[in-house]
Amino acid sequence: MAEFENLPLHIGIIMDGNGRWAKKRGLPRKMGHRAGAEAFKKIATYANKIGIRYMTMYVFSTENWKRPKDEVDAIIGLLRNYLVEVDNYRDQNFRIRFLGDLSAFDADIQQKMEEIRSESANNTGLTLNLAINYGGRDEIVHAARKLAEQVKAGVLQPEQITEASITENLYAGDEPDVDLIIRPSGEYRLSNFLIWQSAYAEYVFMDEILWPDFKPTHLDQALLAYQKRNRRFGGI
Ligand code: FPP
């Protein structure tokens with residue numbers, strides 16, 4: 001297990017490789033997502049146990065709607081299951097949030113997400129962000145619009161727009177920047193994930209592992225790699 005000192009405050013995970021995991025086994029892609037959802041739950045539990053404060057999981061991007069309908073439906077089905085199951089995780093004290101343009105989802109899903117968010121808002125365990133219908137550029141567009149509304153209303157001057165005010169208007173504007181982004185499965189891209197918040201993030205790409213096979217030991221490996229990095233934030 002990685003040492004508990006010098007843990008990243010905020011981890012982002014791009015849960016990639018579900019489709020390939022299924023293909024390797026001759027299964028439909030949706031079975032890969034199902035296995036991916038199980039890995040998600042185990043990693044959230046483990047991250048909470050070792051004291052990670054914030055974790056953002058890339059569940060569904062603004063671009064993922066382009067996938068075949070049955071695959072999109074399968075991922076949304078897994079989200080629905082999770083929203084019901086989440087009650088089983090009460091003892092873990094997670095603070096659960098949903099980042100993204102949630103207006104795209106059915107009203108009952110939106111209502112359930114809002115219930116979970118508000119009921120868990122004062123919990124003190126891991127803040128677990130599920131990025132759904134999430135795009136980093138889309139998030140910045142939303143923040144820009146909110147600021148523009150304030151300028152239009154005369155309560156904000158353009159020169160008062162700062163990095164801090166843009167951050168505050170992101171989906172989780174009160175959360176710290178992401179320190180570590182993990183992407184398994186051999187792709188070396190950010191894919192529109194947390195693009196504003198990752199300006200100084202460390203990246204750990206884990207080629208040899210597909211997300212459904214991702215275990216707590218892989219999180220440990222990524223944490224050890226992170227702990228060896230020398231973060232200078234532009235200094236020397
Ligand atoms: C990327 O793998 C994965 C996704 C687009 C979906 C991620 C979703 C889950 C892990 C399950 C949902 C979890 C919850 C809790 C609702 P890919 O399909 O692009 O894999 P590939 O690159 O091998 O095709």
Visitor: Determine which pairs satisfy ring-ring contact (aromatic ring centres under 6.0 Å, His included) with at least one residue from residues 93-116, sequence neighbours left out, and list them in order.
Guide: W65-F105
Visitor: Donor-acceptor check, side chain of N133 to backbone of L102, threshold 3.5 angstrom: yes or no?
Guide: no
Visitor: Taking side-chain contact (heavy atoms from CB on, under 4.5 Å) as the test, write out the residues that go with N81, two or more places apart.
Guide: L78, E85
Visitor: With rounding to the nearest 0.5 angstrom, report the CZ to NZ distance, R20 to K24.
Guide: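 That separation rounds to 10.0 Å.
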Visitor: Could you tell me if the side chain of L126 sits less than 4.5 Å from the side chain of T45, heavy atoms only?
Guide: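 Not touching, per the 4.5 Å side-chain cut-off.
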Visitor: Between E168 and K146 (salt bridge meaning N to carboxylate O under 4.0 Å), is one present in this structure?
Guide: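 Between K146 and E168 there is no salt bridge, as every charged N stays at least 4.0 Å from the carboxylate O atoms.
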Visitor: Looking at A201, is its backbone amide N or carbonyl O close enough to the side chain of S198 to form a donor-acceptor pair, meaning the two atoms are under 3.5 Å apart?
Guide: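 Answer holds: no.
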Visitor: Determine the minimum heavy-atom distance between L210 and S185, stating which atoms define it.
Guide: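 Scanning both residues completely, I find the closest heavy atoms to be CD2-CB, 3.6 Å.
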Visitor: Taking atom OG1 of T56 and atom CD1 of I13, what is their separation to the nearest 0.5 Å?
Guide: 9.5 Å
Visitor: Which atoms form the tightest heavy-atom contact between I75 and V59, and what is the distance?
Guide: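 Closest pair (atom of I75, atom of V59, distance): CG2-O, 4.2 Å.
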Visitor: Is it true that a side-chain atom of N192 and a backbone atom of R137 form a donor plus acceptor pair closer than 3.5 Å?
Guide: yes
Visitor: Indicate if L223 and L128 have the same hydrophobic cluster label, given that clusters are the connected sets of ILVMFWY residues with side-chain heavy-atom separations under 4.5 angstrom.
Guide: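 L223 clusters together with L128.
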Visitor: I'd like to know whether CG of N122 has more than 12 heavy-atom contacts from other residues, nucleotides or ligands below 6.0 angstrom.
Guide: no
Visitor: For S61, is there any backbone N or O sitting under 3.5 Å from a side-chain donor or acceptor partner on N64?
Guide: yes
Visitor: Is R95 close to E119 at the side-chain level, that is, under 4.5 Å between some pair of heavy atoms?
Guide: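 Result no, sub-4.5 Å side-chain heavy-atom pair not found.
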Visitor: Checking N93 against T124: is there a side-chain donor and acceptor pair closer than 3.5 Å?
Guide: yes
Visitor: Stepwise, does the side chain to side chain contact (heavy atoms under 4.5 Å, CB included) test hold for D16 with W211?
Guide: CA-CA 5 Å; D16 197 13; W211 174 253; 5.7 Å; no
Visitor: Could I get the full list of salt bridge (charged side-chain N to carboxylate O under 4.0 Å, His left out) partners for D174, not counting sequence neighbours?
Guide: R97
Visitor: With side chain to side chain contact (heavy atoms under 4.5 Å, CB included) as the criterion, how do S165 and Q160 come out once you've worked through the C-alpha distance, each side chain's angles and the decisive distance to 0.1 Å?
Guide: CA-CA 8 Å; S165 64; Q160 290 173 313; over 6 Å; no
Visitor: Should we say atom NZ of K30 is surrounded by more than 12 heavy atoms from elsewhere, each under 6.0 Å from it?
Guide: no
Visitor: After noting the C-alpha distance and the side-chain angles of E175 and T127, does the key distance pass the side-chain hydrogen bond (donor to acceptor under 3.5 Å, both in side chains) rule?
Guide: CA-CA 9 Å; E175 294 188 17; T127 296; 5.3 Å; no
Visitor: Using a distance-only test with no angle check, is there a side-chain donor-acceptor pair under 3.5 angstrom linking Q110 and E115?
Guide: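 Their side chains do not contain a donor-acceptor pair, so the 3.5 Å distance test is not met.
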Visitor: For K41, I'd like to know if atom NZ has over 12 heavy atoms of other residues, nucleotides or ligands within 6.0 Å.
Guide: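 Correct, the count exceeds 12.
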Visitor: Could you list the residues that satisfy side-chain contact (heavy atoms from CB on, under 4.5 Å) with R80, not counting sequence neighbours?
Guide: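 R80 satisfies side-chain contact (heavy atoms from CB on, under 4.5 Å) with D106, D108, I109 once adjacent residues are dropped.
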Visitor: Take Q227 and L224 through the test side chain to side chain contact (heavy atoms under 4.5 Å, CB included) and record every step on the way to the result.
Guide: CA-CA 5 Å; Q227 286 169 340; L224 286 170; 3.7 Å; yes
Visitor: Can you name the closest pair of heavy atoms from P184 and I209 and give their distance?
Guide: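 Smallest heavy-atom distance, with atoms named: CB-O, 3.2 Å.
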Visitor: Taking atom CD of E208 as the centre, does the number of heavy atoms from other residues, nucleotides or ligands within less than 6.0 Å exceed 12?
Guide: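 Correct, the count exceeds 12.
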Visitor: According to a hydrophobic-cluster definition based on side-chain heavy atoms being under 4.5 Å apart (Ile, Leu, Val, Met, Phe, Trp, Tyr only), do M15 and L219 belong together?
Guide: yes
Visitor: For the residue pair N6 and Y226, confirm or rule out a side-chain donor-acceptor distance under 3.5 Å.
Guide: no
Visitor: Tracing side-chain links under 4.5 Å among I, L, V, M, F, W and Y, which residues wind up in one group with I195?
Guide: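 In the cluster with I195 are I14, Y58, L99, Y134, I140, L147, V151, L156, I161, I166, L170, Y171, V178, I181, Y188, L190, F193, L194, W196, Y203, F205.
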Visitor: Measure across G32 and W21 and return the closest heavy-atom pair with its distance rounded to 0.1 Å.
Guide: CA-CE3, 3.8 Å
Visitor: Nearest 0.5 Å please: distance from the NE2 atom of H10 over to the OH atom of Y54.
Guide: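 These two atoms lie 9.0 Å from each other.
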Visitor: According to a 4.5 Å side-chain heavy-atom criterion applied to Ile, Leu, Val, Met, Phe, Trp and Tyr, with indirect links allowed, do I76 and M31 form part of one hydrophobic cluster?
Guide: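 No, because I76 and M31 fall into different hydrophobic clusters, even though each may have its own neighbours under 4.5 Å.
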Visitor: Indicate the ring-plane relationship of Y82 and F40, choosing parallel, tilted or perpendicular according to the 30° and 60° boundaries.
Guide: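 Y82 vs F40 ring planes: perpendicular.
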Visitor: I'd like to know if the side chain of T167 reaches the main chain of G173, judged simply by a donor and an acceptor atom lying under 3.5 Å from each other, with no hydrogens or angles considered.
Guide: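 Answer holds: no.
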Visitor: Taking the basic N atoms (NZ, or NE/NH1/NH2) and the acidic carboxylate oxygens, is any pair closer than 4.0 Å for R117 and E114?
Guide: yes
Visitor: Would the distance check show the side chain of N18 and the main-chain N or O of G36 forming a donor-acceptor pair, the cut-off being under 3.5 Å?
Guide: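 Not confirmed, N18 side chain does not pair with G36 backbone.
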Visitor: Looking at CG of L79 and CG of L130, how far apart are the two atoms once the value is rounded to the nearest 0.5 Å?
Guide: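 So the gap between those two atoms works out to 7.0 Å.
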Visitor: Could you tell me which residues satisfy side chain to side chain donor-acceptor pair (under 3.5 Å) with Q150, sequence neighbours excluded, listed by chain and number?
Guide: none
Visitor: I want to check something: taking the side chain as every heavy atom from C-beta on, are R67 and R29 in contact at a cut-off of under 4.5 Å?
Guide: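 A side-chain contact exists here, since the closest heavy-atom pair is under 4.5 Å.
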Visitor: Side chains of M55 and I43: does their closest heavy-atom pair fall under 4.5 Å?
Guide: yes
Visitor: What distance separates T62 OG1 from I132 CD1, expressed to the nearest 0.5 Å?
Guide: 12.5 Å
Visitor: Test L9 against I52 for side chain to side chain contact (heavy atoms under 4.5 Å, CB included), laying out the working first.
Guide: CA-CA 6 Å; L9 189 57; I52 301 295; over 6 Å; no
Visitor: With rounding to the nearest 0.5 angstrom, report the CE to CZ distance, M206 to R183.
Guide: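 The CE atom of M206 sits 14.0 Å away from the CZ atom of R183.
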